[in-house]
Amino acid sequence: GAVVSQHPSWVICKSGTSVKIECRSLDFQATTMFWYRQFPKQSLMLMATSNEGSKATYEQGVEKDKFLINHASLTLSTLTVTSAHPEDSSFYICSASSVLNEQFFGPGTRLTVL
Amino acid sequence: TQLLEQSPQFLSIQEGENLTVYCNSSSVFSSLQWYRQEPGEGPVLLVTVVTGGEVKKLKRLTFQFGDARKDSSLHITAAQPGDTGLYLCAGGQETSGSRLTFGEGTQLTVNP
């Protein structure tokens, strides 16, 4: 299957700081990438859909000013958690879709806000 | 809202037992995917089914897509501890592009 990477794999930050997470499709071009949030032993919760060269589409209840998404190229999307607080601590996962509309997931980023 | 109901949510069995996980919806899906996720990692795609009534086998795993493309099942034969993980079904619809609707997940634990 296609390979999607995420960086960093984990990050610990102080409350009030901003954290950027990168998502890259390594061996295919992805016009669409997705950002999910996941709590322990639960399913994935879609946060936003990121299309290359256009603004991201956010799911209801997700603050677009807090979770900034940039999809500048066909292989890179970034999620910036601005002014992070402890309640933002979670496992963030990105995925990239292929031409067959299959989604391939990154390994996830564990964010801990102190 | 398109919902995928996945059951059971939790399943703990002994090595060697068989099990089935179900994914049901009132909506029709153009494709249905099954993923397996281990703690601290991203989901890994196991299979995609697109045709009503389709059956796919992956070693000890058998996936079936319902005739009406509203439901799917995952059957594992002779489960092994290495099968332990979170199993997720996800449905796609042509009107939603590549966006997927995920089930709630089934946390499977296979005890040695």
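Just so we're clear, the structure is a prediction, and the values are computed from it rather than from any experiment. Here is the naming used below: chain letters follow the sequence lines, and residue numbers restart at 1 for every chain.
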*Under a 4.5 Å heavy-atom cut-off, does chain B meet the side chain of Gln38(A), its backbone, both or neither?*
side chain
_Val50(B) reachable from Val55(B) in the ILVMFWY side-chain graph, under 4.5 Å edges_ = no
*Heavy-atom distance under 4.5 Å to chain A: side chain of Gln6(B), backbone, both or neither?*
neither
*Phe63(B), Leu11(B): one ILVMFWY side-chain cluster at the under-4.5 Å cut-off?*
yes
_Other residues, nucleotides and ligands only: do more than 12 of their heavy atoms fall within 6.0 Å of OH on Tyr58(A)?_
yes
_Between Leu45(B) and chain A, with a heavy-atom cut-off of 4.5 Å, which part of the residue counts as in contact: side chain, backbone, both or neither?_
side chain
_Cluster check Leu74(A), Phe28(A): I/L/V/M/F/W/Y, side chain < 4.5 angstrom_ = no
*How many angstroms lie between CD in Gln33(B) and CD in Gln103(A), if you round to the nearest 0.5 Å?*
7.0 Å
*Could you grab the distance from atom CZ of Phe10(B) to atom NZ of Lys41(A), nearest 0.5 Å is fine?*
7.0 Å
*Hey, does Arg99(B) have a side-chain heavy atom less than 4.5 Å from the side chain of Thr57(A)?*
no
_Could you see if Phe65(B) belongs to whatever hydrophobic cluster contains Leu61(B)? Use Ile, Leu, Val, Met, Phe, Trp, Tyr and a side-chain cutoff under 4.5 Å._
yes
*So which of Gly103(B), Ser98(B), Gly40(B) has the largest heavy-atom pair count under 4.5 angstrom toward chain A?*
Ser98(B)
_Donor-acceptor contact below 3.5 Å, side chain Glu41(B) vs main chain Gly108(A)_ = no
*asked:* Let me confirm one number: the CD-CG distance from Gln37(B) to Leu44(A), rounded to the nearest 0.5 Å.
replied: 6.0 Å
*Does a sphere of radius 6.0 Å around CD in Glu5(B) hold more than 12 heavy atoms from other residues, nucleotides or ligands, not counting ones at 6.0 Å or beyond?*
no
*asked:* Under a 3.5 Å distance rule, please check whether Ser43(A) uses its side chain to pair with a backbone N or O of Gly105(B) as donor and acceptor.
replied: no
*Going only through I, L, V, M, F, W and Y residues with side-chain contacts under 4.5 Å, is there a path from Tyr92(A) to Leu68(A)?*
no
